[in-house]
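Here's the structure, in structure tokens; my notes come after.
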There are 2 protein chains.
Amino acid sequence: MAAGRKRDAAATRSAILASARRAFARSGYDGAGVREIAEGAGVTAMMVNRYFGSKERLFAAVIADVMAGPSILTPENLDAADLAARMAAILVDITKAGDTPLDGFLIMLYSASSERAADIGREEIERHYHRTLTAALPGDLAAERAGVLLAIVAGMQVMRQMIGLPALAGADPEVLRKLLEPVFAQLLSKPFQHKD
Amino acid sequence: MAAGRKRDAAATRSAILASARRAFARSGYDGAGVREIAEGAGVTAMMVNRYFGSKERLFAAVIADVMAGPSILTPENLDAADLAARMAAILVDITKAGDTPLDGFLIMLYSASSERAADIGREEIERHYHRTLTAALPGDLAAERAGVLLAIVAGMQVMRQMIGLPALAGADPEVLRKLLEPVFAQLLSKPFQHKD
DNA sequence: ATGTGATGTCTACAAGCGTAGACTTGGAGG
DNA sequence: CCTCCAAGTCTACGCTTGTAGACATCACAT
């Protein structure tokens, strides 16, 4: 058991949740073991099941916890005039290499090969990210444009953090921002019209 | 053993490779089991190790096989004037939902949570995709632009096929092409200059 | 036809997984 | 001080995994 804490149910629960978040972000749903998660929280494996019922329920709790945290799509960002620039800056910052406090998107990507985990992830992405972004986009094809935007965000996380493509993982953040901003601006642009 | 084939080493090897490709594309490196792969090829699990040495070596062989196949980055595509439109069209087609013959990119994404698999994947993406695309890009920051382009390709695969985001998975292909083409065009554009 | 080596199968092992139930220990209320 | 329930640990089961070695079987060359 962790030295600093003794028999505090709420604290133990938080410790397990935090450890699980780290573990899932590092190894994905399948890769992270219950014993490993428990050790990271300073308890035994059985406490995970005592507090969360099962590994699957723990994963769902982690995703819910992550979703409750800050994201690119905060209301003040969505209403800002320079949304494209903000999105680019935040995305580049979030996906910087090393032991970044990874956000939930990455956890879901790592876990997407597990069918159950992918289901949970799709549901949460849909509800939390896609719906919000779609609603904020003026013009035609808002849902599709929001989808492409999320795909770009996902792709940057994949390439910078999961694969670790050197050209992206080691790139100058300023350069990446300059590259991404016009891309975002194009998809976000207000007078988007479906012309054909 | 498969009914149609009898004691043909080359055919058995191909069958295992093909089955492994399907299995890895469906479940990722960790998710796909050797027994499952073997069954898909109509043999026993031990044949996998006999022909490929280990699961890890099998995975490397699958990636190599996939890389040898067709991709977006064929020379005639890279030289074409309408590269952006071609990339958009091919990407949308490749990532269409259902039991598509998935390309290697997706296998690597599914397997990225395994450290060894991610290493193999990064190496191959770097060598096969990123280097080729970088060389084909005129203007400044070719490596970074190529990286962002690959990230978008990866993101579309993730969102359409892994997560299955409805807005993308169920979208009209024509619409997606129209959305992606200007994005690609912007990153591919010849007179790209790093201005600051 | 008859060895003989390649081809494929069977059984099994050691390790790790998620999970369950019985057990022990701590800390607060009487 | 003593009790008692929550908090936490221990041991273990059943399963799956990748892999190893011994065994069987088919096809071809002599």
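Protein chains get the first letters and strands the later ones, always in sequence-line order, with residue 1 at the start of each. Since the structure is predicted, the reported quantities are computational estimates derived from the model, not experimental observations.
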Salt bridge K178(A)-E144(B), side-chain N to carboxylate O under 4.0 Å: no

Carboxylate-amine/guanidinium proximity below 4.0 Å for R86(A) and E181(A): no

I152(A) side chain reached by V148(A) side chain, heavy atoms, under 4.5 Å: yes

If I take atom [atom1] in residue [X] and atom [atom2] in nucleotide [N], what distance separates them, rounded to the nearest angstrom?
X	N	atom1	atom2	value
M46(A)	dC13(D)	CE	C1'	13 Å
F52(A)	dG18(C)	CZ	P	15 Å
M47(B)	dG18(D)	CE	P	17 Å
Y51(B)	dT19(D)	OH	P	18 Å
E39(B)	dT16(D)	CD	P	13 Å
R116(A)	dG18(C)	CZ	C1'	16 Å
D8(B)	dG8(C)	CG	P	8 Å

Parallel, tilted or perpendicular, as decided by the 30° and 60° cut-offs, for the rings of F24(B) and Y29(B): parallel

If you check the [X] side chain, which of [options] turns out closest?
X	options	answer
N49(B)	dT19(D), dT9(D), dG8(C)	dT19(D)
T12(A)	dG8(D), dT9(C), dC17(C)	dG8(D)
V34(A)	dT9(D), dG18(C), dT7(C)	dG18(C)
K55(B)	dA7(D), dC10(D), dG18(D)	dG18(D)

Under 3.5 Å donor-acceptor pair, R7(B) side-chain atoms to dG8(C) base atoms: no

Under 3.5 Å donor-acceptor pair, R35(A) side-chain atoms to dG16(C) base atoms: no

Sugar-phosphate only, base, or nothing, as touched by A10(B) at under 4.0 Å among non-hydrogen atoms: nothing

Sugar-phosphate only, base, or nothing, as touched by A38(B) at under 4.0 Å among non-hydrogen atoms: nothing

Residue whose closest nucleotide on DNA chain C lies nearer the 5' end, A45(B) versus S54(A): A45(B)

Nearest-nucleotide 5' precedence on DNA chain C, R50(A) against D30(A): D30(A)

Greater than 12 external heavy atoms within 6.0 Å of E56(B)'s CD: yes

